[in-house]
Each structure stands twice: as structure tokens, then as C-alpha cells.
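In what follows, a single structure is set out as C-alpha cells and then discussed.
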Amino acid sequence: MRYWLLKSEPDVFSIDDLAAAPKQTTHWDGILNYQVRNTMRDDMKSGDQAFFYYSSCAEPGIAGIVTINSAAYPDSTQFDRKHDHYDAGSSRDNPRWLMFDVKYQRKLKRIITLEELRRHEKKELKEMLLLKRGNRLSITSVEPSEWRFIIGLE
DNA sequence: GCCAACGTTGGC
DNA sequence: GCCAACGTTGGC
């Protein structure tokens with residue numbers, strides 16, 4: 001079992017939206033980055049756990065915990081001509097982009113802000129990918145020690 | 001295969 | 001809205 005961090009803009013999709021969704025489950029679609037796609041394909045497994053992180057908002061930080069609820073499978077939005085994620089270079093025979101299912105687990109008691117995480121970036125969270133310079137990937141892995149430390153902050 | 005131009009992300 | 005950092009594109 002591995003740990004991950006999924007970024008989402010809360011104005012677009014929040015942990016509360018996931019909690020209110022049918023079966024508290026949704027498709028995590030629209031990932032158009034090859035490195036992240038390869039991570040999804042090769043490393044993410046059903047049953048893995050992930051932090052739900054808020055980006056591009058007033059208070060960036062970790063808001064909740066979700067479960068990866070499927071293996072990666074073709075992202076249907078890439079075949080829809082009307083969709084923002086339509087990709088003319090992809091085909092059903094050889095899909096370029098993947099998505100997976102995510103299930104709500106719980107909200108954190110409070111948002112663990114980026115600012116708070118940064119207070120530990122010299123020590124406990126020295127290796128955390130989220131905090132590394134220039135990181136823009138929408139999914140990053142979280143080490144078990146980092147996971148435990150952050151849960152401890154809560 | 002190089003690299004400049006361009007687009008996107010995301011914190012501030 | 002700005003801008004640093006990075007990924008992608010496309011001409012050569």
C-alpha cells in the first residue's frame with residue numbers, strides 16, 4: 001500500500017463535493033501530464049490512500065483523506081470532441097490518458113496548510129515532493145514517514 | 001536532437 | 001494579476 005497526494009482546486013472540486021457525491025466516489029479525470037500518467041499506470045493501486053490537497057486558492061493545504069478505488073483506466077473525456085480534455089491524438093485503441101476512481105475517507109479536523117508544512121521542510125518533511133522547488137505535478141507520492149508525521153500534526 | 005517560444009501551474 | 005518554474009511544441 002502506497003500513499004499519494006492529489007491536488008484539486010477547491011472551487012472546482014472540494015473534499016465536501018466528494019463527500020456529497022453518489023457513493024462518495026468520483027472519477028479523477030483530466031490528467032494531461034505524461035509523468036503523472038505513468039505514475040498512475042505503473043504505481044497506483046486500488047486501496048492506496050491519498051491526501052486531498054487544495055491548490056490555487058486562498059488557503060492551500062491538505063483538507064482530507066481519500067482512497068484510490070480502482071486501477072487506472074482510460075479517461076473517457078479524451079474521446080469527447082466537446083470536452084476540454086479532448087485529445088485528437090488519442091484513440092480508443094490506444095488511449096493516451098488515464099483516470100481512476102477515488103472514494104471519500106474523511107475530512108481532516110482542520111486544513112493542514114502549506115504554510116504549516118513548510119515549517120517542517122528543513123526536518124521531518126525535507127524530502128516531501130510537494131514542497132520541492134518547482135513542483136507542479138498534480139499527483140505526488142508521500143513517504144509513509146511523511147504520512148504519519150502529517151497525521152500527527154492534525 | 002536541439003532549443004526558443006509558448007502555455008500552464010500555483011503560490012503570493 | 002504577477003511571475004518563477006516547468007512541460008510541450010515545432011522549426012530547423
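Each chain gets a letter, A, B and so on, in the order the sequences are listed, and its residues count up from 1. No hydrogens, no waters, no symmetry mates; every other heavy atom, side chains included, goes into these values. If you're wondering where the values come from, they're calculated on a predicted model, not measured in any experiment.
To the nearest angstrom, P of B/dG10 lies 11 Å from CD1 of A/I139. Between the CZ atom of A/R96 and the P atom of C/dT9 there is a distance of 8 Å, rounded to whole Å. Rounded to an integer number of Å, the gap from A/L137 CG to C/dT8 C1' is 14 Å. Rounded to whole angstrom, the span from the NE2 atom of A/H85 across to the C1' atom of B/dT8 amounts to 12 Å. B/dG10 atom C1' lies 16 Å from atom CD of A/E115, rounded to whole Å. The nearest whole Å value for the distance from the CG atom in A/N38 to the P atom in C/dG7 is 13 Å. Atom CG in A/L32 sits about 13 Å away from atom C1' in B/dT9, given to the nearest Å. In this entry the distance linking CG of A/N33 with P of B/dT8 reads 14 Å, nearest Å.
Side-chain N/O atoms of A/Y34 include none lying less than 4.0 angstrom from OP1 or OP2 on C/dT9. Contact annotation: A/R136 side-chain N/O to B/dT8 OP1/OP2 distance is not under 4.0 Å. Residue A/K7 places no side-chain N or O under 4.0 Å from the OP1 or OP2 atom of B/dT9.
Across all strands shown, A/S56 has heavy atoms under 4.0 Å from base atoms, whether or not it also approaches the sugar-phosphate. Contact annotation for A/Y54: no contact, since no heavy-atom pair falls under 4.0 Å across all strands.
The six-membered or imidazole ring of A/F79 lies away from that of A/W97, with a centre-to-centre distance of 6.0 Å or more.
Using a 3.5 Å distance cut-off with no hydrogens or angles, the side chains of A/H85 and A/D29 do not pair a donor with an acceptor.
A side-chain contact (heavy atoms from CB on, under 4.5 Å) with A/D93 is found for one member of A/S90, A/P95, A/S91 and no other, namely A/S91.
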Exercise for the section: Start with the C-alpha distance between A/W28 and A/F52, add both sets of side-chain angles, then the distance that settles ring pair (Phe, Tyr, Trp, His ring centres under 6.0 Å), and finish with yes or no. Expected result: CA-CA 12 Å; A/W28 205 263; A/F52 195 115; 5.6 Å; yes
